[in-house]
Structures are given as structure tokens and as C-alpha cells.
2 protein chains.
Amino acid sequence: MNASRTARERARAELTREIKEEARRQLAASGAQGLSLRAVSRELGMVSSALYRYFPSRDELLTALIVDAYDAVGERAEKADREAAGDGLRARWRAVCHALRDWAVEHPHEYALIYGSPVPGYAAPEDTIAPATRYPFVLIGIAQDAATAGHLAADAPAPAGRLAGQLQGISDAMAPDVPPAAMARLAAHWSQLTGMIGFELFGQFANTLDPADDFFAYSVDRMADDLGFPA
Amino acid sequence: MNASRTARERARAELTREIKEEARRQLAASGAQGLSLRAVSRELGMVSSALYRYFPSRDELLTALIVDAYDAVGERAEKADREAAGDGLRARWRAVCHALRDWAVEHPHEYALIYGSPVPGYAAPEDTIAPATRYPFVLIGIAQDAATAGHLAADAPAPAGRLAGQLQGISDAMAPDVPPAAMARLAAHWSQLTGMIGFELFGQFANTLDPADDFFAYSVDRMADDLGFPA
DNA sequence: ACAATTTCGAGAGCACTGCTCTTGACTTCG
DNA sequence: CGAAGTCAAGAGCAGTGCTCTCGAAATTGT
């Protein structure tokens, strides 16, 4: 009935946490492919079959790590946005964009887990899609604030047809004052962020834009220009 | 000395091709993770160890598939660009961008192989970086033609410092008339393309911008606007 | 307080993986 | 013809995810 349940339950929560911790360590060391249940259990001093009491399959363990990663990046972005709240739209935009990249550079394998190619044969279950929206929602929130402040640019051709409906659907759910054209811009920028970070992390910029710090910062500012955020 | 060498050499070339074909089939069916040398050899009616006469390791086979994929997407883009050559800059831009997406949708696993997260523990060897530049080079070529025709927009803040040098380096090597600001735009667009395609392929657009045809087409046109290509 | 139930770790085992090494047969070339 | 080079096959190693069973322990119901 109380917070500290039975000894068994506390032990179970503790071990579940330790398993995820060790799994994350292995993830960082050798990637999703190298995540081995046997190695995790070995490191924890237990036998491999015992792990299945905590995660019914390797995929379930992966799912747990994915959800944690989405939450981590979401929380980081929300914190960055909060801390830049008083400094204007452009500062918030910068902070949230750089929060994503910083987290990605710090945790490349976890980033790859959520924004890279999916582990083949693994289908992301429903539980992952709610945490996945947390980061983009911060971006959209800035645009929403910009819209109510009259600082959101709207000089692009209005999307038509099905696209207009899709964009309106997003607005209705998350940012009622952001018009479809701006929402399309936002989605494009969001794509571009992951594209740039992916290129940087996965080595596509080798010999050209690597190190990519300056390119990223420059591009983030151009996005802010594009959205009409005041300098 | 002549084109048809010894029977042995012809047999070897033939088998090498067949191995890659079967490997690509398995890749399409179950992804890079599911690519099993044993399964390939089984399908080809040979024993697994025999495969090592042709590819010294699984990674070498992957590398061969990666190079082939880069070449395939590069060739597709060059063809699209050629066929749209008479229709103006915007038509060429559209054609080349859609060529990438079409190829990606047709070969999602091969696309993931080259633009997704790298297979952990696998380091892309030098041989892959030349074919990798083939596609972006087509994009840059359009910008170069636009620049000489005086149709390349240049109304963004000029990049400074290290970034300016990096961009200039790309221009020097591939497109002497494209100024740094435009080259930065181009790199951003190139990032955005892979970002959008990645989102579409890897399911990040589920429930929002999926199907993504219209969003992609709309965004590609906004990029052309941004580059100043005449309608 | 004692019995019934649930939870847990351990171990054996299955079918699979990439990869190495050795063996014997075949082809090519001097 | 015979030496040199090439090839497929087979056995074997160390590793994987996962299942099943078994006995011990903790929890729960009476």
C-alpha cells in the first residue's frame, strides 16, 4: 500500500534499472547490434535466462531503452527551452536545436537508436510514439508562441490538398495558431536537424563539413531567419 | 589478355555477382542485421566456408553492397538530371530530389545501409567515400549551372571563419562559381532531403505526415524557391 | 502459524551465427 | 607431365537469442 512495497518488488525495480544501465553501457560501447543479453547478464553476475524474467525479449529491452532515450532528449529540450524563455524566440530556437545536437553527440548510439535506421526485424511498438513527440512538440511550442506574438513568417505558398489537411491536423493537436505554411516549414526544419546530425554522426561530412559545429550553428540561425524570428 | 579470360576467372566473376544478388535479396527481406553469410551460401547451394573465397568477411560483403548502392543512387540521379536538362533549373532540381526519394522507397534497406545509422562495429573503408559523393555532386552541379546563369540566390548572411573555409573547399573542388552562402544552403537542403526520407522510411511521420508524398514535393519546391530557381 | 501460490535464479539444451583451419580434388601454366 | 595455384567441402570454435524444467525462496490467504 505504501511507497516502498515488498522487498521483492523493490529488488525487482532495482534490478530492472541495473539491467538497463548495463545495456546502455554496452550500447554506447558497441551499438545496438552489439547489445547482447548474455553479455549484459554476465556483467551483472547472473545467468542469461534469468534476464528473461525482467524483459521478455531482446526487443523489449531495446524498446525500454528507446523510450528512455526519447524521454531524455525531450527533457533536455524542455529544460533548454525553459532556461532561454526570457531571451526571445531566436534564443529559444537556438537553445532547443543545440540541445538536440549536444545530446546526440554525447550519446551517439542512443541517438542512432531513435533517429537512425530501425533495427531490422524490430517494429517500434505503440509505447514509443508518445515519447517520440516530446522533442518536436517543444519546437512547435516555440512556433506557437511566435504566432501569438505576431512574429511567425507566412510568406510561402499555402500547402494544398491532402498536405494542408495533414498540417492542419498537427496544428489542431498542438499549436492552433500556426498556419499550415509555417507548420510545413517547421517540419522541414525538424527534418533538416536530424539530417544534419545524422550526417555528422554517421560520417557523411567527413572531409567536407567536419567538424560540423559551425555549419550546424549557421544553419540553425538560417532556420530562425526563415521562421521570421527577430534577431 | 582479352576480355573473356580463363574459364576460372569468368566463373569467379559470375559467382561474385550471384552472391551480391542473393545478399541484396536477403537485405531487402530482412535488413542488414539479417544478412547471413550462411543463408546466402545455402541459397546458392554451396557451403558457407566457400563464400570466404569471394568475400573475406561479412563486412567486405557489406562494403560491396554499400558501394553498389551509392552507385545506383548516383546513376539514377545523373539520369534524372540528364533527362530534365532542357526543362530548366527547377525541373532538374525536382527530378534529382525525387530520384533520391523514389530510389529510397524502392530500396529502403539499401537506403538505410548508406544513409542510416552505420552497422556498429563496421567502419566504412575508403572505397565508399568516392561513390558517396556522386549523388550530392549532381545537386551541386545544378547549383553551379544556376550560378553561371545568374539564377542562384545569394541573400543570406555570408558564413564566416572556419565554416567559410570548409564551404570554399567544396566549391573549389566541385563548383567554382557557387559562393559560400549558397553552398551552405545546398548542404542544408541535402541534409533535409535525407532527413525527410529517413523520417518517412523509418516511421517517424506515422500519424502525422504519412503518406509523405505531398510534403516531400512541397518541401522540394520550397528548396528551389530558396535557391532562387525561376518557376 | 501453516499451507498454497507466485516469483525467481540456475542449468541444460536448441538452432543459429561468423569465422578458421585442414583436406582432397580440380584447373592452369611452365 | 608435374608444380603451383585455386576451389568447395567439412569439422570445429565461440558466441548468440530463446525455451523449458527444477528447486528454492518470498509472498499471500486462511
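The sequence lines fix the lettering, A, B, ..., with proteins before strands; numbering per chain opens at 1. It should be emphasised that the depicted structure is a prediction, and the values quoted were computed from it without experimental measurement.
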* To the nearest Å, give me how far apart CD1 (A:I19) and C1' (C:dC8) are. => 12 Å

* Asked: Does the side chain of A:S36 get closer than 4.0 angstrom to OP1 or OP2 of D:dG17 through an N or O atom?
  -> yes

* Does B:Y54 reach the main-chain N or O of B:R17 with its side chain, forming a donor-acceptor pair under 3.5 Å? -> no

* Nearest whole angstrom, please: distance from the C1' of D:dT6 to the OH of B:Y52. => 19 Å

* Structure fact -> Rounded to whole Å, CZ of A:R58 lies from C1' of D:dT19 at a distance of 18 Å

* Is the count of non-hydrogen atoms from other residues, nucleotides or ligands lying under 6.0 Å from A:F137 atom CZ greater than 12? -> no

* Whole angstrom value for the distance that separates C1' of D:dA25 from CZ of A:R12 -> 15 Å

* Whole angstrom value for the distance that separates P of C:dT17 from CG of B:L62 -> 15 Å

* Asked: Would B:R82 and B:E78 pass as an ion pair if we require N to O under 4.0 Å?
  -> no

* A:E200/A:R101 ion pair, N-O < 4.0 Å -> yes

* For B:E60 and C:dT20, give me the distance from atom CD to atom P, rounded to whole Å. => 12 Å

* Asked: Between C:dC19, D:dG5, D:dT27, which nucleotide has the shortest distance from any of its atoms to the side chain of B:R8?
  -> D:dG5

* Structure fact -> Closest to the 5' end of DNA chain D, once A:P56 and A:R42 are matched to their nearest nucleotides, is A:R42

* Asked: Charged N to carboxylate O under 4.0 angstrom, A:E9 versus A:R12?
  -> no

* **Distance, rounded to the nearest Å, where A:E14 contributes CD and C:dT7 contributes P** => 20 Å

* To do: Determine, for B:F55 and B:R58, whether the Lys NZ or Arg CZ falls below 6.0 Å from the six-membered ring centre while staying within 45 degrees of the axis.
  => no

* Taking 4.0 angstrom as the limit, do B:E83 and B:K79 come out as a salt bridge? -> yes

* Asked: So what does B:L35 touch, heavy atoms closer than 4.0 Å: a base, only the sugar-phosphate, or nothing?
  -> sugar-phosphate

Between the protein and nucleotides 9-12 of chain C, list every N/O to N/O distance that falls short of 3.5 Å.
unit_1, atom_1, unit_2, atom_2, d
C:dG9, OP1, A:Y54, OH, 2.8
C:dG9, N7, A:R53, NE, 3.2
C:dG9, O6, A:R53, NH2, 2.3
C:dA10, OP2, A:V47, N, 3.2
C:dA10, N7, A:S49, OG, 3.2
C:dG11, N7, A:S49, OG, 3.4
C:dG11, O6, A:S49, OG, 2.7

* Round to a whole Å and report the spacing from CD of A:E9 to P of D:dA25. => 21 Å

